[in-house]
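Let me begin by presenting the structure, written as structure tokens, before commenting on it.
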Protein chains: 2
Amino acid sequence: MRPATQRKHAKILQAAMDVFGSKGSTNGTLAEIAEQAGMTHAGVLHHFGSKQNLLLEVLAYRDQADVAELADQHIPGGPELFLHLVRTAFANAQRPGIVQVYTVLSAESVTDEHPGRPYFEDRYRVLRGDVVAAFRELCGQQGVTSMETVDAAAAAILAVMDGLQLQWLLEPTAVDLAQASEFAIRSIVNGVLHPGPELRSYVE
Amino acid sequence: MRPATQRKHAKILQAAMDVFGSKGSTNGTLAEIAEQAGMTHAGVLHHFGSKQNLLLEVLAYRDQADVAELADQHIPGGPELFLHLVRTAFANAQRPGIVQVYTVLSAESVTDEHPGRPYFEDRYRVLRGDVVAAFRELCGQQGVTSMETVDAAAAAILAVMDGLQLQWLLEPTAVDLAQASEFAIRSIVNGVLHPGPELRSYVE
DNA sequence: GTCTATATGTAGATAGAC
DNA sequence: GTCTATCTACATATAGAC
């Protein structure tokens, strides 16, 4: 692909991220994306064929951009992964736009026949697997933990990051995304290693 | 309001919850809601005036339905609130429809000028306040904890419940909503009372 | 209170000129 | 590669008959 075309592609993708983040993928229109990219909606369709295809490329684009940002620095495994997730939360607190695209599109994806659904199913499956692997390494060092607990903890760590993003987007001054994510991840990791008292015990 | 009219209202609201849950509030149409309620879209508008107003009444309806379900049994304060949240997670695992409406609409609400946004801002503010109050009672019994930690923990508990719902909706067999919620809430509550080691200490 | 008919707006996609 | 023009489809909302 020619460099000029490649730049146009990138510009359209950036515009699409912006618009899908602001309006959602259903409400965001090709015309608005085109305007931000400096062309008409017909031009956008020339590059991406259809709105659905553009959406899928937006989702793939961020993964690619994330990897590029890490340079050849691969995502760490083992206990370092937890620190990496906390660093991600700190980074996300500086880029509400990207956070909003993912929050809106991931929730939209559970609706009927949404084109982004396979992407998010796969994404969460992979991420949960990574976190489970990190827990296995950690527990191997420090003791034995049931498989159900590790599965629950892995899902919970991703969940708390997503859920805090939603509250933070709604009211940025009321939620400290970075600090709350760090506290929650730490609490869940510690909860796996040292179960602690049951909730019931706190009542009377 | 006459009883027959009231029943029609309820029937339309049920249909709207169903459709907004399946398609989102943007993609869900008045025609589909009307069909499920046994009338035409003009009939729906006769009852609710506009689609936007219907959406807002759907959001209010669930709160009202939740309260009715609890009978005159008010939402508990203090440490019992944590057990109540766990019970809610168990109940939610039996009603994917309701969970989906809230997951989809809450994320949609962060988009530009979404009519449901004030509702969700308010909802989270109130819920965080309830959880913070529960922590204060708990910490009063068991020791001193910083305000920032309590705020972070309150947001995190709501966040983990929401985030687990998303993963569970995407892949119900891969995530145990009830069990994972219980584990995460317990871990975060214990994290407030007994901080435990920092994440950094687990590396090397 | 519900219908049919219609007004009005806007979306995504296509065709063909330049 | 980008444009204008147009097609087709479908949405919300209104008007007025029954």
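Per chain, numbering begins at 1; letters A, B, ... match sequence-line order.
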Taking atom P of dA11(C) as reference, at what distance in whole Å does atom CG of Asn27(A) sit? 9 Å
When rounded to whole Å, the CG to C1' distance for the pair Leu54(B) and dA11(D) reads 15 Å
Letter per nucleotide, 5' to 3', of nucleotides 12-18 of chain C [B base touched, S only sugar-phosphate touched, - untouched; heavy atoms, 4.0 Å]: SBB----
Geometric class of the His47(A)/His9(A) ring pair [parallel <30°, tilted 30-60°, perpendicular >60°]: perpendicular
Which donor-acceptor pairs under 3.5 Å do side chains of residues 160-167 of chain B form with protein atoms, sequence neighbours excluded?
residue: Asp162(B); atom: OD2; partner: Tyr124(B); partner atom: OH; Å: 2.6
residue: Gln167(B); atom: OE1; partner: Arg128(A); partner atom: NH1; Å: 2.9
residue: Gln167(B); atom: NE2; partner: Ala155(A); partner atom: O; Å: 3.1

CD of Glu32(B) versus C1' of dT12(D): gap in Å, rounded? 15 Å
Does atom CD of Glu35(A) have more than 12 heavy-atom neighbours, drawn from other residues, nucleotides or ligands, at distances under 6.0 Å? no
If you take any heavy atom closer than 4.0 Å to DNA chain D, which residues from residues 7-20 of chain A end up in contact? Lys8(A)
Checking side-chain polar atoms at under 3.5 Å, does Thr149(A) have a donor or acceptor matched by the opposite partner on Ser146(A)? yes
Hey, can you tell me if Tyr119(A) and Tyr102(A) have their rings parallel, tilted or perpendicular (30° and 60° cut-offs)? perpendicular
Between dC3(C), dT2(D), dG1(C), which nucleotide gets closest to the side-chain atoms of Met39(B)? dC3(C)
Write down the distance between NE2 (His46(A)) and P (dT4(D)), rounded to a whole number of angstrom. 16 Å
Derivation and outcome, salt bridge (Lys or Arg N to Asp or Glu O under 4.0 Å), residues Glu121(B) and Arg117(B): CA-CA 6 Å; Glu121(B) 286 180 4; Arg117(B) 179 156 188 158; 2.8 Å; yes
His47(A) NE2 to dC3(D) C1', straight-line distance once rounded to whole Å: 12 Å
Separation of dT12(D) atom P from Glu35(B) atom CD, nearest Å, is 14 Å
Does atom CZ (Arg125(B)) have a neighbourhood of more than 12 heavy atoms from anything else shown, all under 6.0 Å? yes
How many whole angstroms separate atom CD1 of Ile33(B) from atom C1' of dT12(D)? 12 Å
Given 3.5 Å as the limit, does a donor-acceptor pair link the side chain of Gln100(B) with the main chain of Val110(A), or not? yes
In sequence, state the C-alpha distance, the side-chain angles, and the governing distance for Leu13(B) and Phe48(B), and then conclude on side chain to side chain contact (heavy atoms under 4.5 Å, CB included). CA-CA 10 Å; Leu13(B) 285 171; Phe48(B) 289 92; 3.9 Å; yes
Is there a side-chain polar atom (N or O) of Thr40(A) under 4.0 Å from OP1 or OP2 of dC3(D)? yes
